[in-house]
Amino acid sequence: MLSTFLLALTMGVHRIVDSAWGTAFAAVAVVTFGLSGAHGDPARRLLVTGMTLVWGLRLAVHIARRGSGHGEDPRYEAMLARAPGSRNLYALRMIYLLQGALVWLVSLPVQAAQYTPRPLSALALAGTAVWAVGLFFETVGDAQLARFKADRANQGRIMDRGLWSWTRHPNYFGDFCVWWGLFLVACDGGWQAAAVSVVSPLVMSVLLISGSGKRLLERRMAGRPGWDAYAVRTSGFFKGRHANGTDEVRGESADGRTPRAVVMPAHRAGRPVPRWAARIHRPAPP
């Protein structure tokens with residue numbers, strides 16, 4: 001992350017840190033693979049390294065392409081506008097060092113799995129299947145949204161097609177599955193690996209659902225035309241669960257066609273985003 005910070009200073013934008021998010025995990029996987037040669041099961045080391053490389057590099061390339069030719073990310077502009085003193089030192093502390101610590105914490109299943117000597121079993125296959133579901137949701141969801149936004153006729157409209165008709169956040173749901181899948185692969189190596197790495201999927205789940213993931217995004221989306229109707233008819237994350245973390249009571253309108261829902265929005269229910277979570281700037285959704 002320090003090298004990314006120096007590159008950002010040269011380029012004059014901090015949004016490149018989002019591309020470094022996936023690359024950092026890939027680097028952790030490769031380094032740990034090299035260090036664990038005399039300890040871990042070769043098949044598990046290859047599996048978890050390959051899974052992390054595919055996920056991390058795909059994400060890095062996608063974010064780099066999406067941000068190419070654009071200026072600073074509005075999230076970072078808003079945050080740095082409040083910086084006390086040097087903006088660059090504030091960015092180093094609140095963006096780069098914080099994300100670096102988070103990469104180490106979240107990558108614990110990858111690190112732990114590399115050092116377990118137990119051969120692969122059914123639990124590792126189950127974890128790989130969960131990871132594959134997550135990668136599918138992220139990859140297909142990103143591609144569908146990119147095609148939607150490329151069509152000028154869709155300017156100002158809400159994406160509600162394909163996977164985006166199943167969940168309002170297929171990319172976040174995919175991320176959720178990826179890290180629970182990697183955790184299961186680590187668990188397959190024994191209870192010690194599970195105990196060391198369980199914090200990873202738990203932290204990612206909190207960040208994606210209640211922290212700097214979908215809750216902050218939906219606060220920004222709330223004023224857009226068509227958003228309220230989309231939020232009513234589309235699952236927020238898991239099926240049957242509203243995006244703001246509340247339950248929906250679904251029914252029909254008098255004409256029998258228009259869905260309706262009784263919802264208590266999270267921000268009106270007095271459940272603000274925790275400050276510690278809001279400060280963790282994960283890559284912005286596409």
Side-chain angles (χ1 to χ4, degrees), residues 1-11 14-64 91-120 123-124 127-128 130-132 134-135 138-139 174-204 207-208 280-283:
M1 284 298 177
L2 291 177
S3 60
T4 305
F5 172 68
L6 295 176
L7 181 60
L9 293 182
T10 302
M11 297 178 63
H14 293 288
R15 70 179 308 145
I16 64 171
V17 71
D18 290 347
S19 297
W21 174 258
T23 306
F25 285 102
V28 169
V30 171
V31 170
T32 312
F33 178 84
L35 294 176
S36 62
H39 306 279
D41 173 64
R44 189 186 315 280
R45 292 169 58 235
L46 285 172
L47 176 63
V48 76
T49 301
M51 292 166 69
T52 308
L53 284 174
V54 169
W55 171 81
L57 295 180
R58 186 215 71 87
L59 181 63
V61 170
H62 168 71
I63 293 177
L92 175 63
R93 185 173 73 253
M94 298 305 299
I95 300 176
Y96 296 89
L97 295 182
L98 190 58
Q99 283 205 19
L102 189 61
V103 166
W104 177 84
L105 181 67
V106 174
S107 67
L108 283 175
V110 178
Q111 300 178 57
Q114 304 269 23
Y115 286 92
T116 56
R118 184 179 300 180
L120 295 174
L123 186 58
T128 304
V130 173
W131 171 89
L135 186 67
E138 286 197 61
T139 304
D175 218 2
F176 173 92
C177 291
V178 161
W179 286 102
W180 279 104
L182 284 166
F183 170 67
L184 290 177
V185 175
C187 288
D188 186 58
W191 69 267
Q192 296 93 336
V196 166
S197 58
V198 67
V199 65
S200 163
L202 292 176
V203 166
M204 283 298 292
L207 291 176
L208 290 169
I280 297 176
H281 292 265
R282 299 190 60 259

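No hydrogens, no waters, no symmetry mates; every other heavy atom, side chains included, goes into these values.
Relative ring orientation between Trp180 and Phe183 is described as perpendicular, the plane-to-plane angle rising above 60° on a 0-90° scale split at 30° and 60°. Taking the six-membered ring where tryptophan is involved, the planes of Trp55 and Trp179 are perpendicular, since the angle between them exceeds 60° and thus also 30°.
Pairs passing the salt bridge (charged side-chain N to carboxylate O under 4.0 Å, His left out) check and including a residue from residues 50-63, sequence neighbours excluded, read Arg58-Glu138, Arg58-Asp142. Listed by first then second residue, pairs satisfying side-chain hydrogen bond (donor to acceptor under 3.5 Å, both in side chains) with a partner in residues 22-39 read Ser36-Arg45, not counting sequence neighbours. Applying the ring pair (Phe, Tyr, Trp, His ring centres under 6.0 Å) test to pairs two or more places apart or on separate chains, none has a residue in residues 184-203.
Annotation for Ala194 and Cys187: closest pair CB-SG, 3.5 Å, computed over non-hydrogen atoms.
Partners of Thr49 under the side chain to side chain donor-acceptor pair (under 3.5 Å) rule, at least two apart in sequence or in another chain, are Gln114. Every residue two or more places apart in sequence or in another chain that forms a side chain to side chain donor-acceptor pair (under 3.5 Å) with Tyr96 is listed here: His14. When the side chain to side chain donor-acceptor pair (under 3.5 Å) test is applied to Ser200, no partner is found at least two apart in sequence or on another chain.
Asp41 has its side chain out of reach of Tyr115: every pair of non-hydrogen atoms, C-beta onward, lies at least 4.5 Å apart. Using a 4.5 Å heavy-atom cutoff, the side chains of Val48 and Phe33 are not in contact. The shortest distance between side-chain heavy atoms of Leu102 and Val203 falls below 4.5 Å.
For the atom pair Ile95 CD1 and Thr4 OG1, the distance stands at 12.0 Å (nearest 0.5 Å).
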| request: Carefully, step by step, assess Thr52 and Val28 under the rule side chain to side chain contact (heavy atoms under 4.5 Å, CB included). | output: CA-CA 9 Å; Thr52 308; Val28 169; over 6 Å; no
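In summary, Arg118 and Asp188 do not engage in a salt bridge, as defined by a charged side-chain N under 4.0 Å from a carboxylate O.
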